[in-house]
K.L.:
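So that we are looking at the same thing, I have put the structure below in structure tokens.
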There are 2 protein chains.
Amino acid sequence: MSTGRRLTPRGEERRAQLIAHATSLFATRGYHPTSVADIVEGVGVGKGVFYWYFSSKEELFVEILLGAQSDMRRRQQRAIADLDDPLERLAAGVRAAVLWSAEHRDLFRLFEFAATDDTFADAVRRGRSVMLNDAVHHLHAAIEAGRIPPADPERLAHAILGVSTLVTLEYVHHRGEPAEDVADMVARFCLGGIGAA
Amino acid sequence: MSTGRRLTPRGEERRAQLIAHATSLFATRGYHPTSVADIVEGVGVGKGVFYWYFSSKEELFVEILLGAQSDMRRRQQRAIADLDDPLERLAAGVRAAVLWSAEHRDLFRLFEFAATDDTFADAVRRGRSVMLNDAVHHLHAAIEAGRIPPADPERLAHAILGVSTLVTLEYVHHRGEPAEDVADMVARFCLGGIGAA
DNA sequence: GAGGAACTTGACCGCCCGGTCAAGGAACGG
DNA sequence: CCGTTCCTTGACCGGGCGGTCAAGTTCCTC
């Protein structure tokens, strides 16, 4: 993960400040409307500081994106770790995704934007495909075990991702309903959708 | 729908040209990176022409958005018109949405972007809520009739929208699979998700 | 305390943005 | 052929953009 650059603790903290503030600005105003001047102003430093830590606004955004993806993945893996049943693993993964999205509204909004922008869409797809592969794996196992009717696991995985994304956006982010409730509803809908009892 | 402005046939055609080219540019490059200069250059006219027909780049985008929304709605209504059964109406509506999205890739991408931008998110939500209300209505009827287990119809409607959106994006737009097949799969998943036999 | 690496400053650069406008051409009714 | 309305032009404006850089400050090392 390290970019090779040597940073003192002070530098490390500055960098983190910039990332944090940029994330919040990108999420609230959007990527394009947020200028580098806005970012450094919010942290209270000169413009040159930004380019000491990042080579461009674009590079910073990608870094935030990749960091968020791997953080979410880590959370999902942890939630799944001690489960054996494929359908339980699937449901736990979905729940973990919803809960993570509830706790990281800013990062979730960044995903949403990045997916619609040609410059970042590939990075989003690459990150997604990792998560999707996990789901495909569980779905495949469930089909093999006769727990759900045969179907293309990849399509099912995409459908599940679609439900999680839009329902989380609407109910957790927009209406502020409890993430746990929403996660339960999403998991239930998805289990029905794939044909589980 | 008419903005009150008087336009000769010639003017009407120019306007349509600008809308068409702007739509394609917005969809491929994105809204912010597309400049008014890009739009008029593609049509081969001076910059002033743009501001003769539209008061701003933003206004043009909103017009495209609203037009697309009502076009999609019209298509959905037509597909549903001669069906009585609530679940059939629901499935037909979903299929119509997928097929429309397949035939209007540009407009579909505009929806996706607009939903992530504060300036346009409200317009998107307003348009969506119309479609969602239709779905809620059918779901409510289906629950009343005991065709599906009781649940919050609004949440189910959002889940259905999520499946349609993401699966269409991935399989129809990205992989170029036949829209009919994808529409079938989406409808099947959604019926399972809401608990229909 | 000398020296050098890490960090910071903010004026500056070239560019392009959304939007304006005075002026000029086409179309058409009278 | 005139007058008017519709349409078109493209130079121009103020301003903000992403990005640079010479100069300065802080901090650690020896």
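In what follows, chains carry the letters A, B, and so on, assigned in the order in which the sequence lines appear, proteins first and then strands, with residues in each chain numbered from 1. Bear in mind that the values here come from a model prediction, so they are computed numbers and not experimental data.
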K.L.:
Using a 6.0 Å distance limit plus a 45 degree cone around the ring axis, check whether A:R175 lies over the aromatic ring of A:Y171.
P.N.:
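Pair A:R175/A:Y171 counts as cation-pi.
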K.L.:
Please enumerate all residues that pass salt bridge (charged side-chain N to carboxylate O under 4.0 Å, His left out) together with B:R73, with sequence neighbours excluded.
P.N.:
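Checked B:R73 against salt bridge (charged side-chain N to carboxylate O under 4.0 Å, His left out); matches are B:D134.
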K.L.:
What donor-acceptor contacts under 3.5 angstrom involve side-chain atoms of residues 17-25 of chain A, with partners at least two apart or in another chain?
P.N.:
| unit_1 | atom_1 | unit_2 | atom_2 | d |
| --- | --- | --- | --- | --- |
| A:Q17 | OE1 | A:R14 | NH1 | 3.0 |
| A:H21 | ND1 | A:I39 | O | 3.3 |
| A:T23 | OG1 | A:I19 | O | 2.7 |

K.L.:
Counting only side-chain N and O atoms of A:R14, is one of them less than 4.0 Å from OP1 or OP2 of C:dC7?
P.N.:
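Answer is no, no contact under 4.0 Å.
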K.L.:
Identify, with sequence neighbours excluded, every residue that meets ring-ring contact (aromatic ring centres under 6.0 Å, His included) alongside B:H138.
P.N.:
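Partners of B:H138 under the ring-ring contact (aromatic ring centres under 6.0 Å, His included) test: none.
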K.L.:
With B:R147, which residues qualify under salt bridge (charged side-chain N to carboxylate O under 4.0 Å, His left out), at least two apart?
P.N.:
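Testing B:R147 for salt bridge (charged side-chain N to carboxylate O under 4.0 Å, His left out), a comparison that skips the adjacent residues, returns B:D85.
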K.L.:
Only counting residues at least two apart or in another chain, list the ones meeting salt bridge (charged side-chain N to carboxylate O under 4.0 Å, His left out) with B:D84.
P.N.:
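Per chain and number, B:D84 pairs via salt bridge (charged side-chain N to carboxylate O under 4.0 Å, His left out) with no residue.
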K.L.:
Summarise how protein sits on nucleotides 25-30 of chain D as a single string, 5' to 3': B when a protein heavy atom is under 4.0 Å from the base, S for sugar-phosphate-only contact, - for no contact.
P.N.:
--S---
K.L.:
Rounding to an integer number of Å, can you tell me how far A:E12 CD sits from C:dA6 P?
P.N.:
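Value for this atom pair: 13 Å.
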K.L.:
Counting only non-hydrogen atoms, which of residues 39-46 of chain B are less than 4.0 Å from DNA chain D?
P.N.:
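Hits under 4.0 Å, by residue number: B:V45, B:G46.
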K.L.:
Applying ring-ring contact (aromatic ring centres under 6.0 Å, His included), name anything that partners A:W52, two or more places apart in sequence or on another chain.
P.N.:
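With neighbours one apart ignored, the set is empty.
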K.L.:
Is the number of heavy atoms from other residues, nucleotides or ligands within 6.0 Å of NE2 (A:H104) greater than 12?
P.N.:
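It does: A:H104 NE2 has more than 12 such atoms within range.
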K.L.:
With sequence neighbours left out, write down each residue that passes side chain to side chain contact (heavy atoms under 4.5 Å, CB included) with B:I143, or none if nothing qualifies.
P.N.:
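Here the qualifying residues are B:I148, B:P150, B:P153.
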K.L.:
Output every pair passing salt bridge (Lys or Arg N to Asp or Glu O under 4.0 Å) with a member in residues 177-189 of chain B, not counting sequence neighbours, ordered by first then second residue.
P.N.:
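Residue pairs passing salt bridge (Lys or Arg N to Asp or Glu O under 4.0 Å), neighbours aside: A:R155-B:E177, B:R95-B:E180, B:R95-B:D184.
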K.L.:
Atom CG of A:L18 and atom C1' of C:dT9: how far apart are they, to the nearest Å?
P.N.:
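Distance check: A:L18 CG to C:dT9 C1' gives 14 Å.
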K.L.:
Please state whether the phosphate of C:dT8, meaning OP1 or OP2, lies under 4.0 angstrom from any side-chain nitrogen or oxygen of A:W52.
P.N.:
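For C:dT8, OP1/OP2 do not have a side-chain N/O of A:W52 under 4.0 Å.
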K.L.:
What residues form a ring-ring contact (aromatic ring centres under 6.0 Å, His included) with A:F120, not counting sequence neighbours?
P.N.:
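With neighbours one apart ignored, the set is A:Y31, A:F61.
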K.L.:
For a quick check of understanding: with a heavy-atom distance under 4.0 Å over all strands, which category does A:Y53 fall into, base, sugar-phosphate or nothing?
P.N.:
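Result for A:Y53 = sugar-phosphate.
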K.L.:
Return a single string for nucleotides 13-21 of chain C, one symbol per nucleotide in 5' to 3' order, where B is base contact, S is sugar-phosphate-only contact and - is none, cutoff 4.0 angstrom on heavy atoms.
P.N.:
----SBBBB
